Amino acid sequence: MRIRLNGKENTLAPGSTVADALALLGAPESGVAVAVDGDVVPRSQWHTALRDGAVVEVLTAVQGG
Amino acid sequence: MRIRLNGKENTLAPGSTVADALALLGAPESGVAVAVDGDVVPRSQWHTALRDGAVVEVLTAVQGG
Amino acid sequence: MRIRLNGKENTLAPGSTVADALALLGAPESGVAVAVDGDVVPRSQWHTALRDGAVVEVLTAVQGG
Amino acid sequence: MRIRLNGKENTLAPGSTVADALALLGAPESGVAVAVDGDVVPRSQWHTALRDGAVVEVLTAVQGG
Amino acid sequence: MSEDQLVIAGREFGSRLIMGTGGSGNLSVLERALVASGTEMTTVAMRRMDADGGTGVLELLRRLNIQLLPNTAGCRSAAEAVLTARLAREALGTDWVKLEVVADEDTLLPDPHELLDAAETLVAEGFSVLPYTNDDPVLARRLQDAGCVAVMPLGSPIGTGLGIRNPHNIELIVARASVPVILDAGIGTASDAALAMELGCDAVLLATAVTRAHQPERMAAAMRAAVEGGRLARRAGRIPRRFWAHASSPAREC
Amino acid sequence: MSEDQLVIAGREFGSRLIMGTGGSGNLSVLERALVASGTEMTTVAMRRMDADGGTGVLELLRRLNIQLLPNTAGCRSAAEAVLTARLAREALGTDWVKLEVVADEDTLLPDPHELLDAAETLVAEGFSVLPYTNDDPVLARRLQDAGCVAVMPLGSPIGTGLGIRNPHNIELIVARASVPVILDAGIGTASDAALAMELGCDAVLLATAVTRAHQPERMAAAMRAAVEGGRLARRAGRIPRRFWAHASSPAREC
Amino acid sequence: MSEDQLVIAGREFGSRLIMGTGGSGNLSVLERALVASGTEMTTVAMRRMDADGGTGVLELLRRLNIQLLPNTAGCRSAAEAVLTARLAREALGTDWVKLEVVADEDTLLPDPHELLDAAETLVAEGFSVLPYTNDDPVLARRLQDAGCVAVMPLGSPIGTGLGIRNPHNIELIVARASVPVILDAGIGTASDAALAMELGCDAVLLATAVTRAHQPERMAAAMRAAVEGGRLARRAGRIPRRFWAHASSPAREC
Amino acid sequence: MSEDQLVIAGREFGSRLIMGTGGSGNLSVLERALVASGTEMTTVAMRRMDADGGTGVLELLRRLNIQLLPNTAGCRSAAEAVLTARLAREALGTDWVKLEVVADEDTLLPDPHELLDAAETLVAEGFSVLPYTNDDPVLARRLQDAGCVAVMPLGSPIGTGLGIRNPHNIELIVARASVPVILDAGIGTASDAALAMELGCDAVLLATAVTRAHQPERMAAAMRAAVEGGRLARRAGRIPRRFWAHASSPAREC
């Protein structure tokens, strides 16, 4: 299936989860958060499957004023 | 009947109109406007009767910055 | 004889006067003043002869703040 | 003899010295300076006799900006 | 300066000083001050008619042929301000309004939310809205986008006489304005008014700086001259600021 | 305001703006600016006559009937300034002089010692001395005590356009002045000129703020209006400054 | 000054300087600056994780044991800001947020309506909201009333280094504040930071004034000292301003 | 900051804050303030010894090991100041002197002529002269050329607390100084002291801003921190001022 991950198209195996998307980015254990289709997905829900065409944003902290 | 006219209680003959209330204040022909129960009553409607207990505000222009 | 007139060397006939120096510059009748060797020479004295080597400054008014 | 010491008239024995005047004020050994008739008298000259009518100023340091 | 008219909502004004009527204790003093100011438009407030029949300020302004700009002074909510504007239109036959919605009595500063809300409502009802606003360039822009015919940022709070506390904000407002910018409130003296115009404002609105001055008529003349001077200076293009001196007379040879 | 004449050395002036001639590249532009400024007196510098015969500025000023105020611009010592003043008197038939003795070219600031020295000499010779000075209240007082007919403190260094850098000093000078105080140098724009008058100065002297503006004639009109406005404001008595707001409309009852 | 702790939302801070991490091109330079500043809390922004895996700033801040204050920089609407705050809480495990909702890129000034809207939502969700606001005393009060744990008015727009353009507004905000007032944005140099504290602010937040200075570490130390100095001066009670001089040495008798 | 010593007449100072002893009513309060200020040199005045035997200030300063800088406060002529300096040297065994020659009691401003005259005499007699001067860049240069070991321009008149009225003049003095520039007089609060250092002054001298503050010891600490902060900021190199905003966080992608 296809998702949009941080603005880029990606193909994942059917049934892939939020965690799989994070793995694709090599996201660390901590310091990141995920929004799927505009809603925050808490860490406790990262095992949930993504829908085909999901828009996934993975954010972390960077320098900022 | 009784109305509240510019904050003061007044007694008018039953069936009195906006114009009667204005007369009570000795309001001039021009330069004034009337609100009854919070809505503007255009000059063309001054002949309409007031309900008992109506709140009538008659405003005019004064010095102001 | 030689004089220094507004910073330039000039040769005049012996016995030349302040007025002669002014003529050399084509100075107008009015609006000018003369200093010879650092002292003002009033108009009434313009007929006096210059010494050889005299330093003559002829000034006028120009735009200035 | 009489001297004017820091603005006040004082009587001293004839032949009194600057040091005597200082003693009169109970001036300390250090931190003071003396002017007699408007001139500084260095410590080394405090043994010199005062003239009758001398004006003696004894100054010290005080708080100041 | 017929070539330098101020145009608000399609109406031309020869004078860039708008003097309000507030703060004057005496109509004849007010009349002389208004005349001396050269103002072509002035503010009035809407208040309850007294049984004794009002203040006579309307008669005065009609006689002087000065356009009325009713305000909504004292209103604390959009609803109050909208009703007051409607009453003013009914009473005075003008759809121009100086929109004021203040947040509290201590500062008399506008409530940004209520002000914008009222502006949108009144614009939709066909009013020509001139909002009294703070000096926030964002709010000024929102008001402009809402269809206000001018924006009227303060120099400092009403009646403080502190002049223009933040020239940078006024410059930011002017830099992005598509409607006339009228400096309203805070003017204390003539140089404040001149500065407002030099910063690029199109006009100055003031009242108590004149009406509460020791000599109102003279101060009105002062403000008139200062606004003209500031406007001319803005148009004339000032010299640059320099750190070191720069002579105005030619060098001396001797 | 015929009742508000400026009087210097017994001579009356209707205009409190003194515009100098320095900095203008073009006599016809200068003429229009001088006329627009309304000035009744103007400065000129004394320089060597060229063989080609001068600048024509004298003819212009005679035609405009503007009083001459020769300056000693560029002089670096009392001796130079005194000689220049004497030559000016001889050439122009006036014993009025704007006394300038500058210390260096970078700041064109006056040399206090040489300035006071030259002032004393020229006063003794019967000149009416108008010294260009810094904003030191002590030097201003010394010049006044020396018999100068006015004192002319700077707002900021010549040609910088930085306006009045130290209003407190100008107020101190005004507070103790027994002769007219003329703000000279540093004016950049109209509000600077208005402020000078509000601080209590009796007049403003400027040149390049007008002559080097993009539009000299218009800036001259701006300065004229600003000086009038500032003077009127000073006389009218401004409102006090307040920390909290103060309403200009009556309280709202409903 | 253990007796002069800053308390925000019940948390105590020994340092009244909050230094952000923005604008530094180099983590080791940033580290030295943060240490020199003495800050106990710092801002971070939330951005998309790169495949290469982030910036390392989190590791640095954990090592320095500095509390994180995630911001919502770049958000243009309440919705964006609220989502960003939720993601920050999820990612960083803090419910503190520096709330920014800007209206445009030219001024980076807050949008008053969106800002207040977002503040209300986040407070309702249990966030400790520290809003970056303009210097409007009314908006500051609305944010305080909405339950923000501090208000953070600007001195001047972000990154301008113009200091505190309107001290009067800051004083008005302080006079009516029931939560800490943190001067945020516009600080250019040390005296700006000292002035903020003298006006009554409880703390100063800055970033690029340090990170973009020629020597960030030294400027961080400068800001730390200035904030301490300004705070001490506010508490110590300054001498009154006088028009005339007042001697500091006793009168001389001779 | 051992790498940033202040050097006056070959003597090194670790502190750039010079706190005078004037204005304190109480020696123990003065002692705490002097200690808190970190000053390494302080001013004293010379006055007639009372029969009761002096003020004890000398014992205090010896105990604190603070260098004495006797002043000539109250002197109105070069002659008075020179005699006072000689007496101070005799009494205190130092050839350093803070030279003050004031023109009048209302402003306590220096008399330029008498000041320069006294400076020349005392330099010739081997004194290390630190003159209290006005902010005239020309006089500052003359004093420097006369051999003074520092120049000490005022920010505003003694005891006014008006801060630095004319930063432009201080910048001009600094730009041309070959000896240390010490801002003396007028400081009211910490930000004034920080600004002095940012303008390029080498040190700050103050007395009553601390001694007459409500809490002298705390204000002394404030001034110490502010002087350090201002100095560090000057050396660190501030960010430029901008008209438009400049973001401190990276652009937001989503």
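Here the structure is a predicted model, which is why all the values come from computation and not from measurement. Each chain gets a letter, A, B and so on, in the order its sequence line appears, and its residues count up from 1. Note that these values count all heavy atoms, side chains included, but never hydrogens, waters or copies made by symmetry.
With rounding to the nearest 0.5 Å, the separation of CZ in Arg47(G) from OG1 in Thr60(A) is 11.5 Å. Taken to the nearest 0.5 Å, the NZ atom of Lys8(A) stands 7.5 Å off from the CZ atom of Arg48(G).
Of all heavy-atom pairs between Ala61(A) and Val44(G), the closest is CB-CG2, 3.9 Å. Leu87(G) approaches Leu59(A) most closely through the heavy-atom pair CD1-CD2, 4.0 Å. The nearest pair of heavy atoms linking Leu83(G) to Val40(A) is CD1-CG2, 3.7 Å. Closest non-hydrogen pair, Val32(A) versus Met49(G), comes out as CG1-SD, 3.8 Å. Residues Arg62(G) and Ser30(A) share a closest heavy-atom pair of NH2-OG, 4.2 Å.
Residue contact with chain A, scored on non-hydrogen atoms closer than 4.5 Å, involves the backbone and the side chain of Ser24(G) alike. Residue contact with chain A, scored on non-hydrogen atoms closer than 4.5 Å, is absent for Leu60(G).
Contact annotation for residues 90-113 of chain G against chain A (heavy-atom separation below 4.5 Å, listed by residue number): Glu90(G), Ala91(G), Leu92(G), Lys98(G), Glu100(G).
Interface check for chain A: of the options Ala207(G), Gly22(G), Ala79(G), the most heavy-atom pairs under 4.5 Å are formed by Gly22(G).
Contacts of Val149(G) classified as side-chain contact (heavy atoms from CB on, under 4.5 Å), with partners at least two apart in sequence or in another chain: Ile8(G), Ala9(G), Ser128(G), Leu130(G).
By the neighbour-count criterion of 12 heavy atoms within 6.0 Å, atom CD of Glu9(A) is densely surrounded, having more than that number from other residues, nucleotides or ligands.
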